[in-house]
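Remarks on the structure that follows.
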Amino acid sequence: MSRLFGKKKSPAEMLRENKRMLDKAIRELDRERQGLQNQEKKLIAEIKKTAKQGQMDAVKVMAKSLVRNRHAVTKLFGLKSQLQAVSLRVQTLKSTQAMADSMRGATKAMGAMNKRMNLPALTKIMREFEKQNEKMEMTSEMMGDAIDDAFEGEGEEEETDDLVNQVLDEIGIGAAEGLVAAPAAAAAPQQVAVAPEAEPMAEAAGLDGDLQARLDNLRKGA
């Protein structure tokens, strides 16, 4: 139909058609060779049968036919090998043509993309992207620091309260009792340890009036 309407075949179509013709010729050679080999088996059986009957002239004629048959089979093998080589070459050309078509299409696509690509605009976009990215990172860091500062005091205060409660629980004193009894408990060891050096320690540590009065009373009692 393509020839009737004058349509020109593409190289890929021509290669495909030639490959199909070569494969068909190879199949026909195989069928012919198979027929000759079957005929060879029949000739061998006929030669044996005729030789047993003592008809040597007929045996010689059939032997010549067998030789010719075997030569024909050998020629068919050679033709098949040549056709297979040509078919392989056609297949290689077909693959090369397909690769060339693919490269041609890829080249056109790359050319179109390069034409549409505006390098100055792309450079401007990349610079703006870097600027906005840096700005976003700085904003994220500032927000993170602000959040850490907001929650840092609360966390330390809660941790301090928990630690004090834990210590008081370990020594068997409640939180309220510990807060009331703490000054009295702290004053007892001062009577023993601070008595010999009360005045120098008061001057060095800057004790308030109440504590100084207590130390004076302790010194008078001694």
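Only this structure's heavy atoms are used, side chains among them; waters, hydrogens and symmetry mates stay out. The model shown is predicted, which means the values in this text are computed figures rather than measured ones. Index from 1, following the sequence.
Separation of atoms CD (Gln132) and CD (Glu134) is listed at 10.0 Å; rounding is to 0.5 Å. Rounding to the nearest 0.5 angstrom, the gap separating the CD atom in Gln55 from the NZ atom in Lys49 is 10.0 Å. The NZ atom of Lys42 lies 14.5 Å from the CD1 atom of Ile47; values are rounded to the nearest 0.5 Å. Taking CZ of Arg20 as the reference point, atom CZ of Arg16 lies at 7.0 Å (rounded to 0.5 Å).
Linking ILVMFWY residues whenever their side-chain heavy atoms come closer than 4.5 Å, directly or via other members, leaves Met62 and Val67 in distinct clusters. Under the 4.5 Å side-chain heavy-atom criterion for ILVMFWY residues, a single connected hydrophobic cluster contains both Val86 and Ile26. Note on Leu83: it clusters hydrophobically with Leu93, by side-chain heavy-atom contacts below 4.5 Å among ILVMFWY residues. Note on Val73 and Leu66: separate hydrophobic clusters, where clusters join Ile, Leu, Val, Met, Phe, Trp and Tyr whose side-chain heavy atoms are under 4.5 Å apart, directly or indirectly. Leu88 and Val90 fall into different hydrophobic clusters, defined by Ile, Leu, Val, Met, Phe, Trp and Tyr side-chain heavy atoms under 4.5 Å apart, directly or through other members.
Listed by chain and number, the residues in a side-chain hydrogen bond (donor to acceptor under 3.5 Å, both in side chains) with Glu40 are Arg70 (sequence neighbours excluded).
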Please determine whether salt bridge (charged side-chain N to carboxylate O under 4.0 Å, His left out) holds for the pair Asp30 and Arg33, giving the CA-CA distance in whole Å, both sets of side-chain angles, and the decisive distance to 0.1 Å. CA-CA 5 Å; Asp30 287 335; Arg33 177 182 54 81; 3.6 Å; yes
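For Leu43 against Ser65, the heavy-atom pair with the smallest separation is CD1-OG, 3.7 Å. Closest approach of Leu29 to Lys80, counting heavy atoms only: CD1-N, 3.8 Å. Across Thr50 and Ala58, no two heavy atoms sit closer than the pair CG2-CB, 3.8 Å. The two residues Leu36 and Ala72 have their closest heavy-atom pair at CD1-CB, 3.7 Å.
Not a single donor-acceptor pair under 3.5 Å links the side chain of Ser81 to the backbone N or O of Phe77.
Asp101 has a carboxylate O that lies under 4.0 Å from a charged side-chain N of Arg104, or vice versa, which qualifies the two as a salt bridge. The pair Asp23-Lys19 meets the salt-bridge criterion, since a charged nitrogen lies less than 4.0 angstrom from a carboxylate oxygen.
In this structure, Glu17 and Glu13 have side chains that are not in contact, with every pair of non-hydrogen atoms separated by 4.5 Å or more. You'll find the side chain of Met142 stays beyond 4.5 Å of the side chain of Thr139, heavy atoms only. Using a 4.5 Å cut-off on side-chain heavy atoms (C-beta onward), Glu137 and Asn133 make contact.
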